Amino acid sequence: MAQRTTNIYRLVTLPAFYGAVQKLLGADAARTRFIEEMIRPEAGLRFLDCGCGPASLFPYLPDLDYTGIDLNPEHIAHAIEKYGDKGRFIVGDVTQNVVGLTAPFDLVMVSALLHHLGDKEARTLLSRLVSLTEPGGRIVTMDSIWLPRQNPIAWLFNKLDSGLNVRTAEGYLSLVEGLPVAVETTLYRDFFRIPYDHFCMTLRRL
């Protein structure tokens with residue numbers, strides 16, 4: 001993982017602090033919009049939330065066959081405590097063989113994770129996720145992005161992000177080169193209450 005984890009950045013790994021910051025930014029409305037416009041989940045789908053954190057998106061989803069996986073045991077413990085047996089919540093690295101991770105999935109979400117990974121790690125992750133996805137299924141990613149003439153506030157938040165690999169659109173697209181997927185991209189500049197830019201990719205497995 002290419003990310004800052006010391007001093008104040010350690011707070012981001014704590015579910016209560018993470019939730020408070022997200023709420024301050026207006027994450028409730030952003031999550032609803034992201035689900036409706038990008039994820040578009042249908043009840044009953046086999047759904048993988050990769051890098052799920054404390055399962056912040058779980059209450060916004062319909063009745064799915066949900067699996068959330070994250071490296072942070074504190075986040076997974078929080079998700080289990082809050083949502084119990086409504087889904088599967090796993091501590092693990094999806095690039096490895098993980099007990100309880102049962103493929104294939106119809107829909108995979110990778111939210112705010114790629115910019116925490118180096119290029120090699122990110123390509124390995126995406127390749128693994130493609131192998132776990134049903135043909136015709138979708139993988140949806142969302143991350144911070146560098147843009148030309150970017151709003152100074154958005155630029156500052158990118159610089160201060162705990163993830164060390166915020167990329168340009170071309171940088172994110174390079175991560176999926178050679179994979180058996182059709183790619184669509186979407187740029188959002190108004191998800192949060194502050195200037196902040198998000199780049200989304202929809203990868204449909206061929």
Side-chain angles (χ1 to χ4, degrees), residues 1-6 9-15 17-19 22 34 39 41 45-58 61 64-134 137-144 161-167 171-181 183 198-203 205:
M1 298 287 282
Q3 61 181 355
R4 302 178 179 98
T5 58
T6 58
Y9 292 98
R10 171 74 177 86
L11 294 174
V12 180
T13 67
L14 303 176
F17 182 83
Y18 177 83
Q22 291 290 301
F34 180 59
I39 302 298
L45 289 181
R46 292 161 294 180
F47 183 87
L48 176 62
D49 189 352
C50 183
C52 66
S56 301
L57 287 175
F58 186 84
L61 298 168
L64 296 164
D65 182 359
Y66 177 96
T67 299
I69 185 168
D70 198 278
L71 285 172
N72 186 337
E74 293 182 64
H75 279 165
I76 293 299
H78 176 86
I80 292 172
E81 180 181 356
K82 191 166 185 178
Y83 303 115
D85 59 359
K86 295 179 181 179
R88 287 177 295 277
F89 303 98
I90 303 169
V91 178
D93 180 351
V94 76
T95 65
Q96 309 297 319
N97 291 323
V98 179
V99 175
L101 191 62
T102 305
F105 294 96
D106 302 301
L107 182 56
V108 178
M109 182 171 63
V110 189
S111 178
L113 178 57
L114 296 180
H115 71 280
H116 290 267
L117 304 175
D119 286 357
K120 183 177 180 180
E121 291 176 298
R123 291 190 182 103
T124 298
L125 170 66
L126 291 169
S127 178
R128 171 69 167 157
L129 291 177
V130 169
S131 73
L132 294 174
T133 303
E134 187 80 34
R138 291 180 295 125
I139 301 168
V140 180
T141 75
M142 180 178 71
D143 285 275
S144 309
D161 199 294
S162 60
L164 296 174
N165 284 298
V166 176
R167 297 174 174 86
Y172 286 114
L173 288 169
S174 72
L175 302 177
V176 301
E177 290 178 357
L179 294 179
V181 294
V183 185
H198 293 91
F199 181 74
C200 301
M201 295 189 294
T202 300
L203 316 176
R205 182 173 178 186

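Quantities reported herein were computed from a predicted structural model and do not represent experimental measurements.
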Minimum heavy-atom distance between [X] and [Y], given as atom pair plus value:
{"X": "Gly92", "Y": "Leu71", "value": "O-CD2, 3.4 Å"}
{"X": "Pro54", "Y": "His78", "value": "CB-CD2, 3.5 Å"}
{"X": "Arg205", "Y": "Ser131", "value": "NH1-O, 3.9 Å"}
{"X": "Gly53", "Y": "Asp70", "value": "N-OD2, 2.8 Å"}
{"X": "Val108", "Y": "Phe105", "value": "CG2-CB, 4.0 Å"}
{"X": "Val91", "Y": "Pro73", "value": "CG2-CA, 3.8 Å"}

I'd like to know whether Val130 forms a side chain to side chain contact (heavy atoms under 4.5 Å, CB included) with Thr133, so could you lay out the CA-CA distance, the side-chain angles of the two residues, the decisive distance to 0.1 Å, and finally the verdict. CA-CA 5 Å; Val130 169; Thr133 303; 5.6 Å; no
Residue list, ring pair (Phe, Tyr, Trp, His ring centres under 6.0 Å) with Phe34, at least two apart or on another chain: none
For Phe58, enumerate each residue passing the ring pair (Phe, Tyr, Trp, His ring centres under 6.0 Å) test, keeping only those at least two apart in sequence or located in another chain.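 For Phe58, the residues satisfying ring pair (Phe, Tyr, Trp, His ring centres under 6.0 Å) (neighbours in sequence not counted) are Tyr66, Tyr83, Phe89.
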Trace of the side chain to side chain contact (heavy atoms under 4.5 Å, CB included) decision for Ser162 with His116: CA-CA 8 Å; Ser162 60; His116 290 267; 3.1 Å; yes
Quick one: which of Leu48, Leu129, Leu107, Thr202 gives a side-chain contact (heavy atoms from CB on, under 4.5 Å) with Ile139? Leu129
Atom [atom1] in [X], atom [atom2] in [Y]: separation rounded to 0.5 Å?
{"X": "Ser127", "Y": "Leu179", "atom1": "OG", "atom2": "CG", "answer": "5.5 Å"}
{"X": "Met142", "Y": "His115", "atom1": "CE", "atom2": "NE2", "answer": "9.5 Å"}
{"X": "Ile39", "Y": "Ser111", "atom1": "CD1", "atom2": "OG", "answer": "7.5 Å"}
{"X": "Asp143", "Y": "Leu114", "atom1": "CG", "atom2": "CG", "answer": "4.5 Å"}
{"X": "Asp49", "Y": "Ile90", "atom1": "CG", "atom2": "CD1", "answer": "11.5 Å"}
{"X": "Leu113", "Y": "Leu125", "atom1": "CG", "atom2": "CG", "answer": "6.0 Å"}

Summary of salt bridge (Lys or Arg N to Asp or Glu O under 4.0 Å) pairs that have at least one residue in [range], sequence neighbours excluded:
{"range": "residues 78-99", "value": "Asp65-Arg88"}
{"range": "residues 122-132", "value": "none"}
{"range": "residues 94-120", "value": "Arg46-Asp106, Asp119-Arg167"}

Kindly write out the residues that satisfy side-chain hydrogen bond (donor to acceptor under 3.5 Å, both in side chains) with Thr124, not counting sequence neighbours, or none if the list is empty. none
Could you tell me whether the side chain of Leu57 reaches within less than 4.5 Å of the side chain of Cys52, counting heavy atoms only? no
Would the distance check show the side chain of Asn165 and the main-chain N or O of Leu117 forming a donor-acceptor pair, the cut-off being under 3.5 Å?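 Yes; at least one donor-acceptor contact below 3.5 Å.
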